[in-house]
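Below, chain A is the first sequence line, B the second, and so on; all start at residue 1.
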There are 2 protein chains.
Amino acid sequence: MATTSAKKGTAAGDRVRNASPAGSRSLSTAEERREELISAAIPVFAEKGYHAAPTTEIARKAGISQAYLFRLFPTKEELFVAAVERSTGRMVETLATAAARAEEQGMEPGDAMGLAYGDLVGSDRELLLMQLHAQAVSPAIPAVREAMRKCFANLYALGSERTGGSAEEMKSWFAHGMLINVMTAINAEEVNEPWAVALTDFEGDCFPRES
Amino acid sequence: MATTSAKKGTAAGDRVRNASPAGSRSLSTAEERREELISAAIPVFAEKGYHAAPTTEIARKAGISQAYLFRLFPTKEELFVAAVERSTGRMVETLATAAARAEEQGMEPGDAMGLAYGDLVGSDRELLLMQLHAQAVSPAIPAVREAMRKCFANLYALGSERTGGSAEEMKSWFAHGMLINVMTAINAEEVNEPWAVALTDFEGDCFPRES
DNA sequence: TTAACTAGTGAGTGAGCAATCACACATTTT
DNA sequence: AAAATGTGTGATTGCTCACTCACTAGTTAA
């Protein structure tokens, strides 16, 4: 803008201010913008799903023009895949740290992961909705299917390694995770009928109740 | 039509046949057309999901005009809800008859239902995909959410009554059903990795396998 | 300085889609 | 017979949306 840049001393050693540190100047790097864009996209995709989420809204939320969105991600599909990867990655990370922390404290990692998943879903509904939408479009979009498979592969590896659980136990763990997803999707916890009460009693199967 | 057979004294409620070729058309009742339309809609919704499924394609598949589609179902949403209800209804029916048949033969109804669900999903992928898409739009479309809740309520009632299973057992049964859905959605059975092998081993948890 | 490059945008474009409307044909009723 | 009701359609409308293009401005290298 008005800043007539004093371009002095740009010798070989170029330590530019806006490159690595967080000094956000007027222009960001494309990579930074991409990350911001994914962050803005996740709530929109989570709320509306892939097909119903308009790129205009995502761009607006990210504070950039729609035209630039399509420069950063050539297609909406690629943006969605990036959003799914970010979401699943966060999930795996969260469970991994929960398991690690539990191990330090001598707690059962399997139980800790179960608890952590319940917390995750309870506190971060977006994550769960992204899962749900990603599953739904998996048959139609190979890249999403691939991302979901990777997510399961990572979770399974994490679980096996940390807990040493049998295949049967792992399967049960995953199965209950899927049940949590679905019950949350239909808001079953606000229903006061036997089926809803039984199927939303998440804590019971993760670890012995306290508190 | 040249052959206007003088009368069609239909004492009972039988309907007009439309099997007449060569340009002659007979009219069906709106209710019949609605049923046909739902049948045509299910494959399209199952393949593409709610938002990506065009009403034009559904109408074409049903052999009627798009305009008439909107006369039979004032909104796309209502058609989708009808399709979901049909799908979930079929599922409950199938499992109920499986349980009943098993009971006659002295088989464990719970195991029979597990087997029947596996068969259902393996043979009728559409049903499963409808479930998946219905779950995904449940947060956004109250009527779909309601239909899904009803489905779970019916299944739970069926399971409790037939098998007398505890809440914990029922939950496990549902959980594994949800796992089957998701694994089928991402086509895990075509993946040859430990996680996929373990998580797609459906038969094992329903009943002791032979074969 | 100037040239090359990168970040960023306003204003479209073309296509697809849900929903509407005026109208035609069929069947039943009066 | 005509009227009334029910089945069915072609043409269109209004709108949304993914994606493009021509262009501006900031940043860096020669």
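- Atom CZ in B/R60 sits roughly 13 Å away from atom P in C/dG16 (whole-Å rounding).
- If you measure from atom NZ of B/K76 to atom C1' of C/dT20, you get 17 Å, rounded to the nearest angstrom.
- Near-neighbour residues of DNA chain C inside residues 38-48 of chain A, defined by a heavy atom below 4.0 Å, are absent.
- Annotation: B/F152 is in aromatic contact with B/F174 [ring centroid separation under 6.0 Å].
- Here D/dC19 presents its P atom at 18 Å from OH of A/Y68, a figure rounded to the nearest Å.
- Within a 6.0 Å radius of CZ in A/R90, no more than 12 heavy atoms belonging to other residues, nucleotides or ligands are found.
- Separating the CD atom of B/E57 from the P atom of C/dA19 is a distance of 17 Å, rounded to the nearest angstrom.
- Regarding A/R34, its CZ atom lies at a distance of 12 Å from the C1' atom of C/dT6, rounded to whole Å.
- Ion pairing between A/E57 and A/K48 holds under the 4.0 Å rule for side-chain N and carboxylate O.
- Comment: B/R149 engages A/E190 in a salt bridge, judged by a side-chain N to carboxylate O separation of less than 4.0 angstrom.
- Atom CZ of A/F70 is separated from atom P of D/dA18 by 6 Å (rounded to the nearest Å).
- Contact annotation for B/A59: no contact, since no heavy-atom pair falls under 4.0 Å across all strands.
- Ionic pairing of B/R101 and B/E104 is not present here: no N-O contact between side-chain nitrogen and carboxylate oxygen is shorter than 4.0 angstrom.
- For the residue pair B/E78 and B/T75, a side-chain donor N or O sits within less than 3.5 Å of a side-chain acceptor on the partner.
- When rounded to the nearest whole Å, the span between CD of B/Q66 and P of C/dC17 equals 10 Å.
- One finds no side-chain N or O of A/R71 lying less than 4.0 angstrom from the OP1 or OP2 phosphate oxygen of C/dA7.
- In the model, B/R86 has a side-chain atom that pairs as donor or acceptor with a side-chain atom of B/S39 under 3.5 Å.
- Toward the 5' end of DNA chain D, the nearer of the two residues A/A52 and A/A67, judged by each one's closest nucleotide, is A/A52.
- Put simply, B/S65 has no side-chain N or O that comes within less than 4.0 Å of OP1 or OP2 on D/dG8.
- Whole-Å rounding puts the B/L37 CG to D/dG8 P distance at 11 Å.
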